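What you see is a predicted model, and the numbers here were worked out from it, not measured in a lab.
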Amino acid sequence: MASGGAALILVVSVFNGFEDLLSGLFGHFNPQIKVTPAKGKTFEADSLMMVKIKGISGVAVVSETLEEIAFFEYEGSQDFGAMKGVDSLFAHVTGIDSDTIILEGEYLLKKDGRNCAVVGAGLRNKLTVNVNNPIGTITVYMPEQSAGALDKPFKTRLVYPVGTFAIQQEYDNQYILTNLDFMRELLDATPYTVSALEIKCKSKSEVAQVKAQIR
């Protein structure tokens, strides 16, 4: 019985350890609370909505994000992926700018008027991106949102890759992060358009309560 109990305790401890590890990893990309539209891809997070959510007592930080599938090209290498525009608060919600997550370069979304990109490690390898090349750019091909764009079905823009992140293979293989304003311009979206509101609570114990109040 003693050996069986010890084995059970060991197994539980190992699983708890893995749970903490995975929670920490996913937490660098997934927030404690994520508000998404019930229908469609986006919604309008106007100032009144933001004031209400930020006014909930357990809310610490609210980040606006907007993402869409795009086609990327870098010096002859090409691949599909997801481009995610994030605001300055995204790093405060997720901690993605930490030294343990940024493998090379830096976490930077815009600099000197240039739109920058932080590339998932897997996608960086597929595109053979060199973040140390100051003039190297990723060409982003985004499907045109406006009607009657058959002659030019894609909008093309350039971003400067300045860093690489590694969280988990699922995210590393498909995501490129950039600034929210650039993403809205790519999608011809309004200044309030988001795919999600990503929220950090003041404490873990308040998550369920904050979810209920947001609903």
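Under a 3.5 Å cut-off, the side chain of Arg157 and the backbone N or O of Val140 do not form any donor-acceptor pair. Put simply, the side chain of Gln78 never gets that close to the backbone of Tyr74: no donor and acceptor are under 3.5 Å apart. Here the side chain of Lys200 pairs no donor or acceptor atom with the backbone of Thr94 at under 3.5 angstrom. In this structure a side-chain-to-backbone donor-acceptor pair under 3.5 Å is present from Glu206 to Ser203.
Met183 has its side chain within reach of Met142: a pair of non-hydrogen atoms, C-beta onward, lies under 4.5 Å apart. In this structure, Val118 and Ile176 have side chains that are not in contact, with every pair of non-hydrogen atoms separated by 4.5 Å or more. Side-chain contact between Asp87 and Asp181: absent, with no pair of heavy atoms (C-beta onward) separated by less than 4.5 Å. Annotation: side chain of Asp172 is not in contact with side chain of Thr164 (no heavy-atom distance under 4.5 Å). Val119 has its side chain within reach of Pro161: a pair of non-hydrogen atoms, C-beta onward, lies under 4.5 Å apart. In this structure, Cys201 and Gln32 have side chains that are in contact, with non-hydrogen atoms separated by less than 4.5 Å. Side-chain contact between Glu75 and Thr128 is absent, with no heavy-atom pair separated by less than 4.5 Å. Within the 4.5 Å cutoff, the side chain of Val159 has heavy atoms near those of the Ile138 side chain.
Following chains of ILVMFWY side-chain contacts shorter than 4.5 Å, one can reach Leu177 starting from Tyr171, so the two form part of one hydrophobic cluster. Connection of Leu103 to Ile96 is not established within any shared hydrophobic cluster, with ILVMFWY side chains joined at heavy-atom distances below 4.5 Å, either directly or through further cluster members.
Here Cys116 contributes atom SG and Leu108 contributes atom CG; the two are 4.5 Å apart, rounded to the nearest 0.5 Å. Going from atom CG of Asn179 over to atom CD of Glu185 covers 10.0 Å, rounded to the nearest 0.5 Å. Rounding to the nearest 0.5 Å gives a distance of 9.5 Å between CG of Leu186 and CD of Glu144. Atoms CZ and CZ, on Phe72 and Phe80 in that order, are 10.0 Å from each other to the nearest 0.5 Å. The line from CZ of Phe165 to CD1 of Ile101 is 9.5 Å long, rounded to the nearest 0.5 Å. Remark: Asn30 CG to Gln168 CD distance equals 9.5 Å, nearest 0.5 Å.
Ala91 and Tyr107 make their closest contact through CB-CE2, 4.0 Å (heavy atoms, listed as atom of the first residue, atom of the second, distance).
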Checklist line | Residue pair Lys110, Phe182: steps toward the side chain to side chain contact (heavy atoms under 4.5 Å, CB included) verdict | finding: CA-CA 9 Å; Lys110 193 166 186 176; Phe182 174 63; over 6 Å; no
Item checked: Trace of the side chain to side chain contact (heavy atoms under 4.5 Å, CB included) decision for Leu197 with Met50 -> CA-CA 9 Å; Leu197 296 177; Met50 296 299 290; 3.8 Å; yes
Next item on the list: Report the C-alpha distance between Glu68 and Leu187 in whole Å, list the side-chain angles of each, state the deciding distance to 0.1 Å, and finish with yes or no for side chain to side chain contact (heavy atoms under 4.5 Å, CB included).
Entry: CA-CA 8 Å; Glu68 184 57 272; Leu187 294 175; 4.0 Å; yes
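Using modelled atom types, one finds a donor on one side chain and an acceptor on the other under 3.5 Å when comparing Thr65 with Glu198. The closest side-chain donor-acceptor pair between Asn115 and Thr178, if any, does not fall under 3.5 angstrom. One side chain, Thr193 or Glu44, offers a donor N or O that lies under 3.5 Å from an acceptor on the other. No donor-acceptor contact under 3.5 angstrom links the side chains of Tyr192 and Glu64, judged on distance only.
Summarising the local packing, NZ of Lys202 is surrounded by more than 12 heavy atoms from other residues, nucleotides or ligands at distances under 6.0 Å. Atom NZ of Lys155 sits in a crowded spot, with more than 12 heavy atoms from other residues, nucleotides or ligands closer than 6.0 Å.
A distance below 6.0 Å separates the ring centres of Tyr175 and Phe29.
Tested against Val35, the residues Ile199, Val62, Val194 include a single side-chain contact (heavy atoms from CB on, under 4.5 Å) partner, Ile199.
Within the structure, salt bridge (Lys or Arg N to Asp or Glu O under 4.0 Å) contacts touching residues 112-137 (residues at least two apart or in different chains) are Asp79-Lys126, Glu104-Arg124.
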